[in-house]
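Down below is the structure, laid out as structure tokens.
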Amino acid sequence: MSLSQRLVDAASAAAAAGLPAEVDRSARLHLLDSLGVGLLAAHRGPLQGLDRLAAGRPGPATVLGRAEGAAPEVAALVNGTFVHSLEYDDTHVASVMHGSATLTPAALAAAEESGARGADLVAAYAVGWEVLVRMGLASPGTLQARGFQTTSAAGPFAAALVAVLLQGGGTGDGAHGVDALGIAGSQPGGTFAFLADGDTVKAAQPAWAAHSGLWAAALARAGVTGPAAVLDGPHGFYRLYADDPAAPAALERELADLGERWHLPEAAFKLIPACHFIHPFVEALERVLAAGVAPDDVAGIHCHVPTGAAPIIASDWPTRQVPPRAHLGRWSLPYTLAGRLVDGTVDLDLYSRPVDAAHTDVARRITAEPWEDSGFPARFPARIVVTTTTGEEHDVVVDDVVGGAGRPVAEADVLAKLERNLAAAGLGGPDGTAAELVALVLEGGDFDVARLGALLRTPAGR
């Protein structure tokens with residue numbers, strides 16, 4: 001039996017068995033969180049007008065904040081781009097997967113196209129997360145080391161599986177699943193070239209994975225065949241994209257407990273809109289400030305940056321200190337720390353207003369060096385040494401990011417973030433749209449997907 005067949009069988013069995021209560025709750029929270037982030041981005045993100053791509057491409061699938069539906073593949077591309085555009089969406093730490101940026105748009109579009117119910121949507125979404133995480137854990141850090149965004153490289157496979165699961169009424173369609181995976185293997189991509197200038201194409205990369213996965217499933221249904229050895233053959237995904245011939249065997253081992261061991265509850269919600277690698281550094285600075293050091297008393301900050309994270313948040317340090325555009329600041333360690341010192345917070349405004357001297361002057365006082373044995377990517381740690389104007393030094397280590405293993409984000413904090421995002425997207429008014437949306441997904445059991453789509457189509461403040 002091919003590895004692709006084992007993957008299809010394991011995913012189908014996990015979806016058919018139903019989700020444990022803890023996993024079901026976690027999946028619904030992650031789904032809501034990503035929808036809230038996507039609606040916020042549709043209202044005030046860096047890609048205003050993106051939803052116009054859906055004009056002239058009618059279909060049954062919801063486009064966030066747009067009254068008219070669109071073809072499923074188009075809706076998935078637009079929605080996923082919105083979800084990822086603010087760097088505010090969730091991440092599974094050890095696999096470095098932005099799962100919801102791919103799986104929320106794929107699951108929503110596939111469910112709307114197939115007429116699936118809410119419980120099937122949630123189950124397919126959760127199983128897609130498990131597949132994506134396991135694909136990352138089978139070869140940790142290698143995709144990123146070779147310049148690929150892990151989610152956009154592996155995402156087409158997980159999105160194709162989600163579509164296959166939902167088209168089979170929540171139990172999977174084995175006749176097309178292996179072909180869908182094989183076809184998805186023609187579509188991985190997504191490089192870190194965007195980092196040079198902070199280009200917004202990064203937001204579209206996980207969304208393109210969703211788009212690709214839906215097309216892969218559609219092509220398989222139409223009779224196109226795909227190679228069964230797409231994951232483990234001589235021209236398979238891991239050899240080409242990770243240069244890791246041992247990864248297929250590792251993935252097969254990972255599949256052994258799919259449906260029994262669930263990684264989704266360990267995925268980290270974001271509480272600031274920046275690259276997750278930066279979050280523990282912000283937390284370390286917060287600890288120094290909480291100890292009584294005033295922002296004006298900070299003379300300099302020296303950062304110890306995990307070598308695996310450095311290319312994303314610390315390479316070409318002078319450019320990170322003075323980014324050519326504020327959007328690049330989402331992946332700039334010094335600019336984000338400077339924002340915390342200057343503004344007292346790290347929020348969307350830091351990355352949307354023009355870069356100014358108030359922030360870059362502080363960023364120029366921040367230095368960095370590689371941290372070889374940090375434990376990255378199994379965890380996202382940080383170490384900073386803050387020097388004050390009086391010569392005092394504060395050396396702070398954060399072992400792992402909030403939301404990493406053993407450091408869960410409280411449900412109340414997730415829901416508070418969601419409430420803020422929905423209100424900022426124009427859905428917090430007296431019509432009760434936000435409250436109905438939360439109740440429908442979180443407490444609605446086998447909810448009506450059509451009603452979910454109707455709520456999401458509410459024009460976001462337009």
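One is the number of the first residue; the rest follow in order along the sequence.
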Would you check, one step at a time, whether the test side chain to side chain contact (heavy atoms under 4.5 Å, CB included) holds for Leu108 with Leu452? CA-CA 9 Å; Leu108 178 62; Leu452 172 62; 4.0 Å; yes
Under the criterion salt bridge (Lys or Arg N to Asp or Glu O under 4.0 Å), I'd like the reasoning laid out for Arg6 against Asp232: C-alpha separation, chi angles, the key distance, then a yes or no. CA-CA 12 Å; Arg6 291 184 188 279; Asp232 53 348; over 6 Å; no
Criterion side chain to side chain contact (heavy atoms under 4.5 Å, CB included) on Leu442 and Leu29, from CA distance to verdict: CA-CA 7 Å; Leu442 201 56; Leu29 282 170; 3.9 Å; yes
Residue pair Leu251, Tyr238: steps toward the side chain to side chain contact (heavy atoms under 4.5 Å, CB included) verdict: CA-CA 10 Å; Leu251 178 57; Tyr238 283 108; 4.0 Å; yes
Trp129 and His263: CA distance, side-chain angles, deciding distance, side chain to side chain contact (heavy atoms under 4.5 Å, CB included) verdict: CA-CA 8 Å; Trp129 253 107; His263 294 277; over 6 Å; no
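When each of Phe277, Phe194, Tyr351 is checked for a ring pair (Phe, Tyr, Trp, His ring centres under 6.0 Å) with Trp331, only Phe194 meets the rule. Across Pro306, Cys303, Pro334, Cys275, a single residue satisfies side-chain contact (heavy atoms from CB on, under 4.5 Å) together with Ile313, and that is Cys275. With Pro188 as the fixed residue, the side-chain contact (heavy atoms from CB on, under 4.5 Å) test singles out one of Trp208, Phe157, Phe148: Phe157.
Ion pairing of Arg407 with Glu266 is absent here, as no side-chain N (NZ or NE/NH1/NH2) approaches a carboxylate O to less than 4.0 Å. A salt bridge between Asp361 and Arg364 is present, with a side-chain N of the basic residue lying under 4.0 Å from a carboxylate O of the acidic one. The pair Asp316-Arg320 fails the salt-bridge criterion, with no side-chain N (NZ, NE, NH1 or NH2) lying under 4.0 Å from an Asp/Glu carboxylate O. Ion pairing between Asp347 and Arg420 fails under the 4.0 Å rule for side-chain N and carboxylate O. Classification of Asp257 and Arg134 as a salt-bridged pair holds, one side-chain N sitting under 4.0 Å from a carboxylate O. Checked for salt-bridge contact, Arg383 and Asp395 meet the test: a charged N lies under 4.0 Å from a carboxylate O.
Side-chain contact between Glu419 and Leu415: absent, with no pair of heavy atoms (C-beta onward) separated by less than 4.5 Å. Side-chain contact check for Thr104 versus Tyr125: some heavy-atom pair is nearer than 4.5 Å. Contact check for Pro381 versus Val397: no side-chain heavy atoms found under the 4.5 Å cut-off. Looking at heavy atoms from C-beta onward, Trp262 lies in side-chain contact with Val127 at the 4.5 angstrom threshold. The closest side-chain heavy-atom distance from Thr142 to Asp243 is not below 4.5 Å.
Listed here is the closest heavy atom pair of Leu285 and Arg340: CD2-CG, 3.8 Å. Nearest heavy atoms, Gly329 versus Tyr335: CA-CD2, 3.9 Å. Ala209 and Ala159 make their closest contact through O-CB, 3.7 Å (heavy atoms, listed as atom of the first residue, atom of the second, distance). Between Leu181 and Ser4, the closest heavy-atom pair is CD1-O, 3.7 Å. Closest approach of Asp120 to Leu166, counting heavy atoms only: O-CD2, 3.5 Å. Closest approach of Ala27 and Val122 over heavy atoms only: CB-CG1, 3.7 Å.
Side-chain polar atoms of Lys202 and His84 form a donor-acceptor pair below 3.5 angstrom. Side chain to side chain, His359 and Asp356 meet the donor-acceptor criterion of an N or O pair below 3.5 Å. Between the side chains of Asp89 and Ser100, no donor-acceptor pair is found at a separation under 3.5 Å. Under the 3.5 Å distance criterion, with hydrogens and angles disregarded, a donor-acceptor pair is assigned to the side chains of Thr388 and Thr390.
Surrounding CD of Glu369 are more than 12 heavy atoms belonging to other residues, nucleotides or ligands, all under 6.0 Å away.
A donor-acceptor contact shorter than 3.5 Å links the side chain of Arg330 to the backbone of Leu86.
Ile278 contributes atom CD1, which lies 5.5 Å from atom CG of Leu333 (distance to the nearest 0.5 angstrom).
Between His279 and His276, the ring-plane angle classifies as tilted under the 30° and 60° cut-offs.
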